[in-house]
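Inspection log for the structure reproduced underneath, given as structure tokens.
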Amino acid sequence: MKQTFVTKEQIEKITETYPTPFHIYDEKGIRANAQQINEAFAWNPGYKEYFAVKANCNPFLLKILQEHGFGADCSSMAELLLANELGFRGEDIMFSSNETPAEEFAYAAEIGAIINLDDCTHIEFLEGIVGQLPKTMSCRYNPGGVYAINNDIMDNPGDSKYGMTREQLFDAYAIMKEKGVERFGMHAFLCSNTVTNEYYPMLARTLFELCVEIKDTIGVKMDFINLSGGVGIPYRPDQTANDIKVIGEGVRKAYEEILVPAGMGDVKLYTEMGRFVMGPYGCLVTKAVHEKHTYKEYIGVDACASNLMRPAIYGAYHHITVLGKEDDEPDHKYDVVGSLCENNDKFAIDRMLPRIDKGDYLVIHDTGAHGFAMGYNYNGRLHSAELLLKEDGSVQLIRRAQTIKDYFACFDCFDIIEKLTR
Ligand SMILES: *Cc1c(COP(=O)(O)O)cnc(C)c1O
């Protein structure tokens, strides 16, 4: 059974101050997980996790991760500005972007972030912007084809817009070396949300072998190898969570078998996990406000896909707990739905749950990553607040809810804001 990190009593207390819906995060869980990640890779002295800021850009949460030595993986101007403002410095910032606007490359270079190029044509593009290439440069690899683990197709890199082909990669490193780049990195993100301990070790083998070959053929030795993101979490109750310790050991084995004998025993390992770092430690709390009996049984809640988009766009499963009814029989079949005028605005379809009454609080699990951050304003629905359940049990507002005034702030041509403030 999937546990919530908040109880009904806690939520009843919290909603006296902060009305639903809101995302709430578990500081204790975030810190314990961050520590386990660092321990799992402690065998590699240069190891660093660059948290994927796109997964959750709340500054308070980024500050917590920073205290555990994490860097920031950014892919847009706003994310770069945020990381820099929060005190991530120079090579604590990874810039893994694609279809990158010129001003973002310029700013990334200015603050000394590591630039991870998505394409070989970006060498010239970047040079045209900054003149001399930075001394440290990274390239993103895409091996094409499908990526399978034990015959299970995990993902389809050949269909993905990211990264360079093998040939382009060799050329890119050779060209950059000639242009005076001194430190090199390789990056690849081949599969998303892998719920298996084998993905990172297998990816590591692929990249390690390629890096040895690159050293032997063109004399470019990697300074770091970036396994990027893709380590998954068990959204469904019948899935087994990844064990980061086992993953770390699997990567170590590949490192010792491939890199160490090739004289590359000093290569630093980086990761850019988002989901694994934050996913389970956030949830969306919403209230049942309507029930409807037509051809199906519907429970209408006060959150909608604007607050959590994954079920609507990916058909993703998010577990739901009805607070206070954890031990009740799940003998009712419901569609749990939000208020958007879109029939995909369903947090759950044909889900067996205990009987839900109006006023019940529902916890939608695992929204810590790619949850709030993917929020949007469709239908004029507003972003919710974000709260932090701190280690001492107190609750801190870490982002206020968007207001209707915020929403209208872009319409300079109307006096609607004036009217709203009067
Ligand atoms: C999205 C992304 C990540 C994080 O992915 P998760 O699935 O959250 O681990 C890491 N690196 C890059 C470049 C990404 O685009």
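In this text, all values refer to a predicted model and were calculated from it rather than measured experimentally. All ligand and atom numbering here is 1-based and tracks the order in the structure. Keep in mind that the numbers below use all heavy atoms, side chains included, and drop hydrogens, waters and symmetry copies.
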Q. For atom 9 (O) of ligand 1, what is the nearest protein heavy atom, given as residue, atom name and distance?
A. Gly230 N, 2.9 Å
Q.
Quick check against the 3.5 Å criterion: does Glu85 have a side-chain atom that pairs as donor or acceptor with the backbone of Leu81?
A. no
Q: List every atom of ligand 1 that sits less than 4.0 Å from any heavy atom of Arg275, numbering the atoms from 1 in the order shown and giving each element.
A: 6 (P), 7 (O), 8 (O), 9 (O)
Q) Are Phe189 and ligand 1 in contact, using a heavy-atom cut-off of under 4.0 Å? A) yes
**Q.** Sub-4.0 Å heavy-atom approach of Ala369 to ligand 1
**A.** no
(Q) With respect to Ala52, determine whether any N or O atom, backbone or side chain, lies less than 3.5 Å from an N or O atom of ligand 1. (A) no
Q.
Go through it in stages, so that I can follow the logic: the residues are Asp366 and Arg275, the test is salt bridge (Lys or Arg N to Asp or Glu O under 4.0 Å), and I'd like the CA-CA distance, side-chain angles, deciding distance and then a yes or no.
A. CA-CA 9 Å; Asp366 301 318; Arg275 198 184 313 270; over 6 Å; no
Q. Does NZ or CZ of Arg351 come closer than 6.0 Å to the centre of the six-membered ring of Tyr317, within 45° of the ring's axis?
A. yes
Q) Can any side-chain N or O of Glu49 pair as donor or acceptor with the backbone N or O of Met273 at less than 3.5 Å? A) yes
Q.
As a check for students: among Arg140, Glu272, Met278, identify the option with a heavy atom nearest to atom 12 (C) of ligand 1.
A. Glu272
Q. Going by the angle between their ring planes, with limits at 30° and 60°, are His23 and Tyr25 parallel, tilted or perpendicular?
A. parallel
Q: Provide the number and element of each atom of ligand 1 under 4.0 Å from a heavy atom of Ser228.
A: 10 (C), 11 (N), 12 (C)
Q: Could you tell me whether Asp73 and ligand 1 have an N or O pair separated by under 3.5 Å?
A: yes
(Q) Can you list everything that forms a side-chain hydrogen bond (donor to acceptor under 3.5 Å, both in side chains) with Arg140? Sequence neighbours excluded, please. (A) none
Q: Using atom types as modelled and distance alone, determine if a side-chain donor or acceptor of Glu213 lies under 3.5 Å from a backbone N or O of Cys211.
A: no
Q. Is there any N or O on Asn193 that sits under 3.5 Å from an N or O of ligand 1?
A. no
Q: Please write down residue, atom name and distance for the protein heavy atom closest to atom 14 (C) of ligand 1.
A: Lys54 NZ, 3.0 Å
Q. N/O of Ser96 under 3.5 Å from N/O of ligand 1, yes or no?
A. no
Q: Indicate yes or no for a side-chain donor-acceptor contact from Asn242 to the backbone of Gly232 under 3.5 Å, with no hydrogens or angles considered.
A: yes
